K.L.:
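Here it is, the structure in full.
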Number of protein chains: 2
Amino acid sequence: MFAPPVKLTDRQQELLAYLRQHQREQGVMPSTRDIQRHFGFSSQTAAMSHLRALEKKGVIQRHPHKARAVVFPEDLQREEIVDIPLYGHIAAGYAEMQQQEPDGTLSLDAATIGVNRGSKAFALRVRGESMIGVNICDGDIAILEVKEPRPRDIVAALIDGETTLKRYLVENGRAFLRAENPAFPDLMPDEELQVQGVLKTLIRRMD
Amino acid sequence: MFAPPVKLTDRQQELLAYLRQHQREQGVMPSTRDIQRHFGFSSQTAAMSHLRALEKKGVIQRHPHKARAVVFPEDLQREEIVDIPLYGHIAAGYAEMQQQEPDGTLSLDAATIGVNRGSKAFALRVRGESMIGVNICDGDIAILEVKEPRPRDIVAALIDGETTLKRYLVENGRAFLRAENPAFPDLMPDEELQVQGVLKTLIRRMD
DNA sequence: AAGAACGCTGGACGAGCGAACAGTTAATAT
DNA sequence: ATATTAACTGTTCGCTCGTCCAGCGTTCTT
């Protein structure tokens, strides 16, 4: 439910900022006494009063009679967030990958990247220009889902112990990888092709 | 702090799923009595027992002696999430844009897109092939920050009452827009160029 | 000027809530 | 076979916590 911005007093903004900060740092909302202590109020009902005003302006919601039950409406409306580990170097299947510490983590809502919370997903950085024919650039972040590839899917797969991002093709019952750049040859695996994941979403920083 | 996956019993997984669900739907964690009611336990201490076990396995954290104070460790570690409104059609400056209901919302961590929580940002869909020279494709989602452009930034700007995504250039003290595709001419505004935002990040679904 | 909103003080109440403790039975690990 | 873990029941306690009520002074709106 879209809500245009509302006017808050300076003090109300301070209160709101404190709620956000506390939630970020502690993982839970503060109680009215936490708020009292933080702002140096003599009475906890000053906190109550502010919460009531913020609720009236629609920027928070409260569950009556429950401790720590302040809610940001946008938290309720948000699509479920998925944490995607970003690996710098992968030389393994997904099971081993999970045991490896990632280089970082991306967090996005599930709908944006087309990956459900329960699905296994990971991210890696595109290296080189082998997929430039479909506008996939060196340095892009590729988000992949661990699942069976269909022909023409773009996949991350293991070739000679290294992960590569290519188009997955099947000819004469034989799976292989093709670049989207004529300067790069097809890759035929010696054994069965080990696909690590199927490309779902691409992210590129432009600044 | 990276933690490899741990083994949970079936019941523990049910408990964990309930915690997630309750938090998503209500915005706050359940109390031990909420958990008791949900699972049909005769005693609230069954819930306590499960929470203790989950905490021991590291998949939740708890603040002692505080109500509803179960925390998912990954929530604490996550970069701050930013909700970016996605507009289908923009024929205005940012102030008017804010009053308009967006077509949807993207939620991403601030570090991934290079936009701080306090900054004003919005998203729109790329239309056409005018920026294909820098691998920006029709249908891509562009995330922009409202700020002053520097020469060579890619910006969303108003031309003839329509928003367009182009490279911002300044020559002889005159600002104008250039496509990254020779098939598209430079765009010189009749009046002062109204820039809506500067491109920060591009997102593309590949499936 | 009057009324409403803002931003607090202060006190007291009772329900919500985590926690401690004791225990049982079943399943799993050694 | 024994020990440990899992999954609960059951009772009680005391603290945390939101809520109500009364009020004051200041600022803003009509």
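Lettering of chains follows the sequences in order, A, B, ..., and the numbering in each one begins at 1. Fair warning: this is a prediction, and the values are worked out from it, not measured in the lab.
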K.L.:
From the options A/Val28, A/Leu51, A/Ile35, select the one residue that forms a side-chain contact (heavy atoms from CB on, under 4.5 Å) with A/Val70.
P.N.:
A/Leu51
K.L.:
Whole-Å distance between D/dA7 P and B/Ile35 CD1?
P.N.:
14 Å
K.L.:
Nearest 0.5 angstrom please: A/Ile159 CD1 to A/Met188 CE, how far?
P.N.:
9.5 Å
K.L.:
Say whether, by atom type as modelled, one donor and one acceptor occur between the side chain of A/His22 and the main chain of A/Ser31 under 3.5 angstrom.
P.N.:
no
K.L.:
In whole angstrom, what separates A/Arg52's CZ from C/dA4's C1'?
P.N.:
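Going from A/Arg52 (CZ) to C/dA4 (C1'), I get 15 Å.
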K.L.:
Quick check on A/Arg20: does its CZ atom have over 12 non-hydrogen neighbours (other residues, nucleotides or ligands) under 6.0 Å away?
P.N.:
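Yes, the 6.0 Å shell around CZ holds more than 12 heavy atoms from other groups.
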K.L.:
Check whether any side-chain heavy atom of A/Glu180 sits under 4.5 Å from a side-chain heavy atom of A/Ile136, and report yes or no.
P.N.:
no
K.L.:
Judged by modelled atom types alone, do B/Asp83 and B/Ser107 share a side-chain donor-acceptor pair under 3.5 Å?
P.N.:
yes
K.L.:
Whole angstroms only, please: what is the CZ-C1' distance between B/Arg37 and D/dT9?
P.N.:
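So the CZ-C1' distance, B/Arg37 to D/dT9, works out to 18 Å.
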K.L.:
Could you pull out all donor-acceptor pairs under 3.5 Å where a side-chain atom in residues 119-128 of chain B meets a protein atom, sequence neighbours excluded?
P.N.:
from	atom 1	to	atom 2	distance (Å)
B/Ser119	OG	B/Glu145	OE2	3.2
B/Arg125	NH1	B/Gly139	O	3.1

K.L.:
Around atom CD of A/Glu192, are there more than 12 heavy atoms of other residues, nucleotides or ligands at under 6.0 Å?
P.N.:
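At most 12 heavy atoms, drawn from other residues, nucleotides or ligands, come within 6.0 Å of this atom.
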K.L.:
Going by atom types only, do A/Gln196 and A/Thr163 share a side-chain donor-acceptor pair under 3.5 Å?
P.N.:
yes
K.L.:
Using whole Å, report how far CE of B/Met48 lies from P of D/dT11.
P.N.:
18 Å
K.L.:
To the nearest Å, give me how far apart CZ (B/Phe39) and P (D/dA6) are.
P.N.:
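After rounding, the reported distance stands at 16 Å.
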K.L.:
How long is the line joining CD of A/Gln36 and P of D/dT16, in whole Å?
P.N.:
13 Å
K.L.:
Distances under 3.5 Å between protein N/O atoms and the N/O atoms of nucleotides 25-30 of chain C, please, pair by pair.
P.N.:
none

K.L.:
To the nearest angstrom, how far is A/Asp34 atom CG from D/dT16 atom C1'?
P.N.:
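Checked: the CG to C1' distance equals 10 Å.
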K.L.:
Give the B/S/- string for nucleotides 5-16 of chain C, one per nucleotide from 5' to 3', where a protein heavy atom under 4.0 Å of the base yields B, of only the sugar-phosphate yields S, and otherwise -.
P.N.:
-SSBBBB----S
K.L.:
To the nearest angstrom, how far is A/Leu51 atom CG from D/dC20 atom P?
P.N.:
13 Å
